[in-house]
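Each remark here refers to the structure printed beneath this line.
This is a predicted model, so every value here is computed, not measured.
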Amino acid sequence: MKLPADLLADLRGGLVAAAVVLPQATAFGVTVFAPLLGAGPGALAGLIGAILLLLISGSAGGTVGLISGPNGPSMALLTGTVAVLASAGLAPAAIAPALFIVTLLAGLIQLLMALAGGGRLIKFIPYPVIAGLTTSIGFLLLTSQIKPMLGISHAGSWSQWHLLPIMTAAVAFGLTRYGPRVLPRLPGAITGLIGGTAIFQLGRSFIDLPALPTHWVIGILPTLSAIHLPLDPFTYSWSQLPWSLILYAAFALAVLASLNTLLTSVVADGITGLRHNARRELLAQSLGQIAVGLAGGVAGSASVGTTTTSVLAGARRWAALTAGAILLLLLLFFGQAGQWLPTSALAGLIIASSLNLLETDIVAWARRRRTRLDAAVAVLVTTITLSYDLMSAVLVGLAITILLFIREQSRAPVIHRRLTAAERLSVRQRPAEQTEQLVQHGDRIVMYELRGTLFFAKTDQLFEEMLPDLDRPAWVILHLRRVIHIDFSSVRLLQQIAARLGAHGGQLLFCEVHADLGLGREVERTLRRLSLNPRRMRARTFTSTDQALEYAENALLRTLGVAPTALEQRVALEALDLCRDMSATDIAALANVLQSRWLDQNERLFAAGDPGNELYAVLQGRVDIRLPSGTERYKRLAIYGPGTVFGEVAFLDPGPRAAEAITVKPSELLILNRADFNRLRDLYPDAAIALLLALGRQQSRALRWSAKEIQRLIQW
């Protein structure tokens with residue numbers, strides 16, 4: 001029976017993964033637990049950690065092709081924890097169970113992080129912090145393997161080094177690092193382990209040793225029946241455990257393991273072309289970590305090198321499960337092989353792996369001015385790890401992450417653009433006299449388009465940039481459509497802006513305030529509720545930008561002594577801008593061909609797509625030009641009140657209408673179609689020419705404003 005191609009690929013990838021994980025898990029287990037339990041139990045702990053992580057994460061994980069097991073970061077942290085616990089006075093017999101408790105608590109913390117959505121939060125840790133952590137872990141791994149490489153026991157003196165372990169470690173290192181160049185199909189860890197073991201066994205026959213030191217080999221692995229759960233009672237009192245250090249180490253281990261797993265998931269996605277589920281993967285890793293802590297194994301997480309090797313060999317959905325099953329079978333039936341595996345060969349493997357963790361790009365970052373701060377952050381994290389411990393470096397790295405985020409956010413400009421009424425008016429069309437006044441004094445209407453996040457680090461910057469407009473009688477409009485979040489410090493700033501502007505005779509206006517900001521429909525009311533000062537603020541809130549601009553324009557015109565045209569006010573024909581430069585004779589001739597029409601409120605004058613050739617003059621009321629964008633949605637393009645004219649394009653070049661016209665208020669219009677214009681041209685040619693010249697002037701002004709509007713839009 002022929003197996004499916006996908007199953008064969010998973011079997012091949014799982015076999016490769018097991019071959020790579022086996023020496024790494026054994027080496028890391030020996031490094032962490034050999035001083036406490038011995039080489040054999042240490043190797044067993046490493047294999048238990050690998051098997052449980054592979055089986056659980058392979059069954060329930062959210063990343064295709066991900067391979068987990070004990071790795072450098074977890075080993076370095078656990079080794080550092082051993083030193084910290086020993087310096088705190090914890091008895092040697094209690095340190096190993098304490099490490100298992102650390103692993104268990106780390107799994108619980110990972111579980112909470114997964115349920116709280118921490119998978120996304122961890123992705124925001126800057127790469128310089130990650131580079132500093134990995135580099136320091138690489139250095140810790142290097143220093144931890146010096147004694148095993150020299151054949152010195154963990155309690156032995158430096159004068160007891162031997163040549164055979166050094167040769168074994170050197171061969172294992174060379175084959176691990178450079179073997180794939182000659183044998184690309186064979187993982188370097190396997191090549192190094194086989195070559196190092198062969199050199200060691202061959203050297204034993206030539207070197208005369210009275211007795212082979214027990215710490216030179218792993219020894220026969222204990223059976224699974226020898227496992228004692230760490231939560232079983234032991235001689236050391238639970239109350240005397242340094243729980244603050246244990247919780248500290250557990251938190252650091254949870255962060256490191258989660259970060260390493262998510263980074264590896266991204267690498268796996270890049271090879272498989274799929275997308276991982278961060279929450280599901282963290283949940284699976286947390287359950288695996290809890291099981292490892294309960295069973296007395298070495299903590300771990302996903303491994304970038306092992307995952308890459310296995311995925312390239314074909315590993316997909318069930319490769320991790322396959323690798324875990326293979327390692328379990330090896331542990332059950334081939335534990336005797338441990339007596340042939342030299343610890344110095346494992347040291348060579350770890351040294352080769354540790355060199356891959358050293359981020360040499362830090363030197364390149366330091367040479368460039370723009371990346372020197374990133375290099376300094378990486379060096380700082382590395383220095384803290386080497387000077388103190390890895391747990392402190394993790395917490396410092398998280399603190400640096402927060403500070404870097406605040407720094408980047410504070411450097412990003414919160415004011416996207418500052419506009420005045422001289423650059424942008426509302427869509428309400430006004431008589432030329434009013435428009436000229438608004439343009440001439442447009443600097444008294446200022447609109448700030450804000451964006452991003454308004455928080456405590458930005459308040460002073462925003463206030464300083466707005467200060468010149470706050471100490472004068474101006475209408476300041478805050479456009480908040482693209483503001484994502486606003487904190488209480490910024491709310492207090494808005495109170496200060498409104499108070500300062502009001503003290504100088506100005507007024508603060510808000511527009512485009514979406515509900516997610518929490519400022520409510522009336523920002524001024526919200527600001528008063530957050531203050532014990534009951535005085536009313538000079539502030540108003542508008543739904544749209546044009547409403548705020550129109551309000552400010554009307555207020556400015558009244559201040560200048562120019563009364564805005566009331567929509568209920570009726571104007572005469574000669575008061576139209578169209579007739580301003582026409583003689584009384586031409587106006588009278590034009591009046592003879594115009595048709596009067598009265599429209600009720602919400603009556604449609606024409607729809608988009610309707611053919612048209614009419615020119616409309618508004619004597620009373622209000623007509624909105626709208627561009628439909630859905631069943632019940634539209635974009636208001638212009639507002640025409642008494643004294644204005646619209647429809648010039650269709651009148652000069654008859655064709656379908658681009659938008660619709662709706663009367664918002666009862667309106668009186670004068671209409672001129674092409675047939676009536678032809679009659680005017682034949683009877684009163686001077687009046688027809690005057691009309692065309694007036695339309696040309698209006699079109700010229702409209703084109704100038706259109707150019708300004710296009711320039712404003714392309715700046716967005």
Side-chain angles (χ1 to χ4, degrees), residues 28-29 31-37 42 45-46 48-49 53 70-114 118 122 125 129-130 132-134 136-137 139-141 143-144 229-231 234 236-261 282 285-286 288-301 381-382 384-399:
F28 292 140
T31 300
V32 175
F33 286 103
L36 305 173
L37 306 174
I48 290 174
L53 284 173
N71 51 27
S74 60
M75 193 215 77
L77 192 141
L78 291 176
T79 304
T81 304
V82 170
V84 172
L85 293 176
S87 63
L90 190 63
I95 292 181
L99 290 183
F100 299 141
I101 295 175
V102 168
T103 303
L104 173 63
L105 293 177
L108 293 174
I109 294 173
Q110 281 185 275
L111 179 63
L112 295 177
M113 291 168 62
I122 290 178
I125 296 180
V129 176
I130 298 172
L133 289 174
T134 55
S136 58
I137 288 170
F139 280 122
L140 290 175
L141 289 179
T143 56
S144 68
L229 299 182
L231 297 185
F234 57 92
Y236 203 82
S237 174
W238 285 82
S239 61
Q240 297 180 15
L241 287 175
W243 285 104
S244 60
L245 294 177
I246 289 176
L247 291 174
Y248 187 33
F251 176 76
L253 178 60
V255 172
L256 271 180
S258 301
L259 178 60
N260 197 58
T261 295
L282 274 188
Q285 292 284 333
S286 65
Q289 204 83 289
I290 292 172
V292 170
L294 290 173
V298 177
S301 63
V381 173
T382 303
I384 292 174
T385 304
L386 300 178
S387 302
Y388 295 93
D389 56 75
L390 189 60
M391 296 174 286
S392 300
V394 171
L395 296 181
V396 171
L398 292 176

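Across all non-hydrogen atoms, the minimal contact from Asn260 to Ser301 is ND2-OG, 3.1 Å. Here the closest heavy-atom approach between residue Gln110 and residue Leu282 is recorded as NE2-CD2, 4.3 Å. Shortest non-hydrogen contact noted between Ala257 and Gly300 is CB-O, 4.0 Å. For Leu78 against Ala299, the heavy-atom pair with the smallest separation is CD1-N, 4.0 Å. Annotation for Ser258 and Met113: closest pair OG-CE, 3.9 Å, computed over non-hydrogen atoms. When all heavy atoms of Thr382 and Gly132 are compared, the closest pair comes out as OG1-O, 3.1 Å.
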> Taking it one step at a time, do Leu108 and Leu105 satisfy side-chain contact (heavy atoms from CB on, under 4.5 Å)?
Replying inline: CA-CA 5 Å; Leu108 293 174; Leu105 293 177; 4.2 Å; yes
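With Ser74 as reference, Leu253 is the one residue of Thr79, Val32, Leu253 to meet the side-chain contact (heavy atoms from CB on, under 4.5 Å) rule.
In this structure, Phe33 and Leu99 have side chains that are in contact, with non-hydrogen atoms separated by less than 4.5 Å.
To the nearest 0.5 Å, atom CG of residue Leu90 and atom CD1 of residue Ile246 are 7.0 Å apart. Taken from CG in Leu53 to CD1 in Ile48, the straight-line distance is 11.5 Å, to the nearest 0.5 Å.
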